[in-house]
Amino acid sequence: MTDLFADSEPRRIGLGPGAVLLRGFANDKAEHLLEALQNVIAVAPFRNFVTPGGHTMSVAMSNCGNAGWVSDRSGYRYDRRDPSTQVPWPAMPDVFTDVARRAAAEAGFDGFAPDACLINRYEPGTRLTLHQDRNERNFGAPIVSVSLGLPAKFLFGGLTRTDKVLRLMLEHGDVAVWGGPSRLAFHGVDVLKDGVHPATGRCRINLTFREAL
Ligand code: MD6
Ligand code: FE
(Lines give C-alpha, C1' and ligand atoms only; values in the text may rest on other atoms or scores of the structure.)
(Ligands and ions follow the chains in the order given, each with its own letter.)
Protein backbone atom coordinates (compact mmCIF):
# COMPACT_ATOMS: atom_id res chain seq x y z
CA MET A 1 0.00 0.00 0.00
CA THR A 2 1.45 3.39 -0.92
CA ASP A 3 1.44 6.11 1.70
CA LEU A 4 -0.23 9.17 0.20
CA PHE A 5 1.39 11.45 2.77
CA ALA A 6 4.88 9.94 2.74
CA ASP A 7 6.45 12.79 0.79
CA SER A 8 4.12 15.62 1.79
CA GLU A 9 4.20 18.02 4.71
CA PRO A 10 3.70 16.56 8.18
CA ARG A 11 0.10 16.63 9.47
CA ARG A 12 1.21 17.44 12.98
CA ILE A 13 3.55 20.35 13.65
CA GLY A 14 4.85 21.21 17.11
CA LEU A 15 4.72 24.95 17.81
CA GLY A 16 6.13 24.79 21.31
CA PRO A 17 5.64 22.82 24.54
CA GLY A 18 1.88 22.11 24.72
CA ALA A 19 1.14 23.75 21.36
CA VAL A 20 0.53 21.80 18.16
CA LEU A 21 -0.85 22.49 14.71
CA LEU A 22 -3.03 19.70 13.31
CA ARG A 23 -2.99 20.31 9.56
CA GLY A 24 -6.36 19.67 7.92
CA PHE A 25 -7.90 18.22 11.09
CA ALA A 26 -11.26 19.94 10.41
CA ASN A 27 -11.33 19.45 6.63
CA ASP A 28 -14.12 16.89 6.66
CA LYS A 29 -16.25 19.08 8.98
CA ALA A 30 -15.52 22.47 7.39
CA GLU A 31 -18.74 22.73 5.40
CA HIS A 32 -20.80 21.65 8.38
CA LEU A 33 -19.02 24.21 10.61
CA LEU A 34 -19.68 27.02 8.13
CA GLU A 35 -23.33 26.05 7.78
CA ALA A 36 -23.78 26.09 11.58
CA LEU A 37 -21.91 29.41 11.69
CA GLN A 38 -24.58 31.02 9.50
CA ASN A 39 -27.21 30.30 12.17
CA VAL A 40 -25.03 31.85 14.87
CA ILE A 41 -24.33 34.98 12.84
CA ALA A 42 -28.04 35.41 12.02
CA VAL A 43 -28.63 35.90 15.78
CA ALA A 44 -25.32 37.56 16.76
CA PRO A 45 -23.93 39.40 13.69
CA PHE A 46 -20.25 40.23 13.25
CA ARG A 47 -19.24 43.56 14.76
CA ASN A 48 -16.02 45.50 15.35
CA PHE A 49 -15.30 45.91 19.06
CA VAL A 50 -13.55 48.97 20.45
CA THR A 51 -10.41 48.36 22.53
CA PRO A 52 -9.92 49.88 26.00
CA GLY A 53 -7.52 52.29 24.25
CA GLY A 54 -10.33 53.53 21.99
CA HIS A 55 -9.29 51.85 18.72
CA THR A 56 -11.85 49.99 16.64
CA MET A 57 -10.56 46.47 15.91
CA SER A 58 -10.14 45.65 12.20
CA VAL A 59 -11.17 42.01 12.73
CA ALA A 60 -14.96 41.57 13.06
CA MET A 61 -16.12 39.28 15.88
CA SER A 62 -19.03 37.35 17.28
CA ASN A 63 -19.43 34.52 19.81
CA CYS A 64 -21.43 31.47 20.68
CA GLY A 65 -21.62 29.37 23.82
CA ASN A 66 -22.36 30.25 27.45
CA ALA A 67 -19.88 33.12 27.36
CA GLY A 68 -18.52 35.44 24.71
CA TRP A 69 -15.34 37.52 24.57
CA VAL A 70 -16.15 41.22 24.42
CA SER A 71 -14.22 44.48 24.48
CA ASP A 72 -15.16 48.10 25.10
CA ARG A 73 -13.65 51.23 26.68
CA SER A 74 -13.82 49.60 30.12
CA GLY A 75 -11.74 46.52 29.16
CA TYR A 76 -11.73 42.96 27.81
CA ARG A 77 -13.91 40.34 29.47
CA TYR A 78 -16.26 37.39 28.98
CA ASP A 79 -19.96 38.14 29.07
CA ARG A 80 -22.95 35.78 28.94
CA ARG A 81 -24.83 38.30 26.81
CA ASP A 82 -24.23 40.04 23.52
CA PRO A 83 -23.61 43.67 24.56
CA SER A 84 -25.30 44.98 21.40
CA THR A 85 -28.66 43.31 22.19
CA GLN A 86 -28.38 42.15 25.83
CA VAL A 87 -29.53 38.74 24.58
CA PRO A 88 -27.51 35.62 25.60
CA TRP A 89 -25.02 34.47 22.95
CA PRO A 90 -26.36 31.67 20.69
CA ALA A 91 -25.74 28.12 21.91
CA MET A 92 -22.59 26.45 20.67
CA PRO A 93 -23.54 24.18 17.73
CA ASP A 94 -22.82 20.48 18.42
CA VAL A 95 -20.45 20.27 15.45
CA PHE A 96 -18.35 23.09 16.98
CA THR A 97 -18.09 21.35 20.35
CA ASP A 98 -17.35 18.01 18.71
CA VAL A 99 -14.47 19.26 16.53
CA ALA A 100 -12.98 21.23 19.45
CA ARG A 101 -12.97 18.36 21.91
CA ARG A 102 -11.64 15.82 19.40
CA ALA A 103 -8.81 18.17 18.41
CA ALA A 104 -7.93 18.82 22.06
CA ALA A 105 -7.84 15.08 22.75
CA GLU A 106 -5.64 14.52 19.69
CA ALA A 107 -3.22 17.06 21.17
CA GLY A 108 -3.20 15.35 24.55
CA PHE A 109 -5.83 17.42 26.37
CA ASP A 110 -8.60 14.98 27.27
CA GLY A 111 -11.93 16.24 28.61
CA PHE A 112 -11.83 19.69 27.01
CA ALA A 113 -15.26 21.25 27.57
CA PRO A 114 -15.38 24.69 25.92
CA ASP A 115 -18.02 27.13 27.15
CA ALA A 116 -17.02 29.95 24.79
CA CYS A 117 -16.28 30.19 21.09
CA LEU A 118 -14.93 33.48 19.77
CA ILE A 119 -15.55 33.86 16.04
CA ASN A 120 -13.15 36.13 14.14
CA ARG A 121 -13.72 37.32 10.57
CA TYR A 122 -10.66 38.69 8.73
CA GLU A 123 -11.13 40.59 5.50
CA PRO A 124 -8.19 41.49 3.24
CA GLY A 125 -6.03 44.11 4.94
CA THR A 126 -7.08 43.24 8.50
CA ARG A 127 -4.81 41.83 11.18
CA LEU A 128 -4.63 40.90 14.85
CA THR A 129 -1.66 42.38 16.66
CA LEU A 130 0.49 40.30 19.02
CA HIS A 131 -1.42 39.50 22.23
CA GLN A 132 -1.89 36.95 25.01
CA ASP A 133 -5.23 35.27 25.75
CA ARG A 134 -5.53 35.86 29.47
CA ASN A 135 -9.15 36.71 30.19
CA GLU A 136 -10.13 33.08 30.78
CA ARG A 137 -10.55 31.80 34.32
CA ASN A 138 -8.72 28.49 33.98
CA PHE A 139 -5.32 28.54 32.23
CA GLY A 140 -5.14 24.76 32.80
CA ALA A 141 -7.43 24.26 29.80
CA PRO A 142 -6.05 24.69 26.28
CA ILE A 143 -7.42 26.88 23.51
CA VAL A 144 -8.49 25.21 20.27
CA SER A 145 -8.33 27.36 17.13
CA VAL A 146 -9.95 26.36 13.82
CA SER A 147 -9.03 28.15 10.58
CA LEU A 148 -11.49 28.38 7.68
CA GLY A 149 -11.28 30.13 4.32
CA LEU A 150 -8.38 32.28 3.14
CA PRO A 151 -4.90 31.39 4.43
CA ALA A 152 -3.25 33.69 6.97
CA LYS A 153 0.24 34.06 8.36
CA PHE A 154 0.16 33.21 12.06
CA LEU A 155 2.71 34.70 14.45
CA PHE A 156 3.63 32.59 17.47
CA GLY A 157 6.04 33.98 20.02
CA GLY A 158 7.03 33.22 23.58
CA LEU A 159 5.93 34.27 27.03
CA THR A 160 7.27 37.80 26.65
CA ARG A 161 6.38 40.24 23.88
CA THR A 162 9.96 40.53 22.68
CA ASP A 163 10.62 36.77 22.29
CA LYS A 164 11.44 35.46 18.83
CA VAL A 165 8.30 34.93 16.72
CA LEU A 166 7.60 31.81 14.61
CA ARG A 167 5.65 32.49 11.40
CA LEU A 168 3.55 29.89 9.64
CA MET A 169 0.57 29.82 7.31
CA LEU A 170 -2.78 28.62 8.66
CA GLU A 171 -4.97 27.13 5.94
CA HIS A 172 -8.62 26.08 5.60
CA GLY A 173 -9.26 23.14 7.94
CA ASP A 174 -6.14 23.58 10.08
CA VAL A 175 -6.58 23.34 13.85
CA ALA A 176 -4.12 24.69 16.41
CA VAL A 177 -4.28 23.46 20.00
CA TRP A 178 -2.54 25.47 22.56
CA GLY A 179 -2.10 24.82 26.24
CA GLY A 180 0.24 23.80 29.02
CA PRO A 181 3.46 25.84 29.13
CA SER A 182 2.45 27.69 25.91
CA ARG A 183 -0.99 28.72 27.15
CA LEU A 184 0.08 32.35 27.63
CA ALA A 185 2.36 32.65 24.59
CA PHE A 186 2.13 35.87 22.59
CA HIS A 187 0.55 35.40 19.15
CA GLY A 188 -1.13 37.29 16.35
CA VAL A 189 -2.19 37.22 12.71
CA ASP A 190 -0.38 39.16 9.98
CA VAL A 191 -2.26 41.41 7.53
CA LEU A 192 -4.58 39.19 5.46
CA LYS A 193 -3.69 38.97 1.77
CA ASP A 194 -6.46 39.51 -0.76
CA GLY A 195 -8.02 36.42 -2.31
CA VAL A 196 -11.21 34.43 -2.69
CA HIS A 197 -11.78 31.04 -1.07
CA PRO A 198 -14.45 28.65 -2.39
CA ALA A 199 -15.80 27.98 1.12
CA THR A 200 -15.89 31.51 2.59
CA GLY A 201 -15.42 33.99 -0.27
CA ARG A 202 -13.17 36.96 0.40
CA CYS A 203 -12.39 36.33 4.07
CA ARG A 204 -10.84 34.09 6.68
CA ILE A 205 -12.87 32.78 9.62
CA ASN A 206 -11.22 31.65 12.84
CA LEU A 207 -13.02 29.88 15.67
CA THR A 208 -11.29 29.84 19.05
CA PHE A 209 -12.71 27.62 21.76
CA ARG A 210 -12.03 28.28 25.42
CA GLU A 211 -12.99 27.27 28.91
CA ALA A 212 -13.68 30.85 29.92
CA LEU A 213 -16.03 30.82 32.89
C1 MD6 B 1 -6.63 33.70 14.68
N2 MD6 B 1 -6.15 33.33 16.95
O3 MD6 B 1 -6.04 32.67 14.36
C4 MD6 B 1 -6.45 34.32 16.02
N5 MD6 B 1 -5.55 32.72 20.37
O6 MD6 B 1 -7.39 34.29 13.92
C7 MD6 B 1 -5.89 33.60 18.22
O8 MD6 B 1 -5.87 34.73 18.67
C9 MD6 B 1 -5.59 32.48 19.09
O10 MD6 B 1 -5.35 30.94 17.29
C11 MD6 B 1 -5.25 31.74 21.23
C12 MD6 B 1 -4.99 30.47 20.80
C13 MD6 B 1 -5.02 30.20 19.49
C14 MD6 B 1 -5.32 31.20 18.58
FE1 FE C 1 -5.56 34.89 20.77
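Just follow the structure's listing: the first ligand is 1, and inside any ligand the first atom is 1.
When Phe154, Tyr122, Trp178, Phe186 are checked for heavy-atom proximity to atom 6 (O) of ligand 1, Tyr122 turns out nearest. Of the listed residues (Asp174, Asp133, Val189), the one carrying the non-hydrogen atom nearest atom 11 (C) of ligand 1 is Asp133.
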Q) Taking it one step at a time, do Arg127 and Asp190 satisfy salt bridge (charged side-chain N to carboxylate O under 4.0 Å, His left out)? A) CA-CA 5 Å; Arg127 66 189 293 227; Asp190 205 350; 5.1 Å; no
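Looking from atom 3 (O) of ligand 1 to the surrounding protein, the closest heavy atom is Arg204 NH2, 3.0 Å. With respect to atom 12 (C) of ligand 1, the closest heavy atom belonging to the protein is Ile143 CG2, 3.4 Å. Among protein heavy atoms, the minimum distance from atom 10 (O) of ligand 1 is reached at Ser145 OG, 2.8 Å.
Arg183 has a carboxylate O that lies under 4.0 Å from a charged side-chain N of Glu136, or vice versa, which qualifies the two as a salt bridge.
For the pair Arg161 and Phe186, the NZ or CZ position fails the cation-pi test of under 6.0 Å to the six-membered ring centre and within 45 degrees of the ring normal. Relative to the ring axis of Phe46, Arg121 places its NZ or CZ within 45° and under 6.0 Å from the centre.
The ligand atoms of ligand 1 that sit less than 4.0 angstrom from a heavy atom of Asn206 are 1 (C), 2 (N), 3 (O), 4 (C), 6 (O).
Criterion: ILVMFWY side-chain heavy atoms under 4.5 Å apart, direct or through other members. Under it, Val59 and Leu150 are part of a common hydrophobic cluster.
On a distance-only criterion, His187 and ligand 1 share at least one N/O pair closer than 3.5 Å. Backbone and side-chain nitrogen or oxygen atoms of His131 are examined, and one is located within less than 3.5 angstrom of a nitrogen or oxygen of ligand 1.
Aromatic ring centres of Trp178 and Phe154: separated by under 6.0 Å.
At distances below 3.5 Å, at least one donor-acceptor pair connects side-chain atoms of Gln132 with backbone N or O atoms of Leu184.
Rounded to the nearest 10 degrees, the angle NE2 (His131) to the Fe ion (ligand 2) to OD1 (Asp133) equals 80°.
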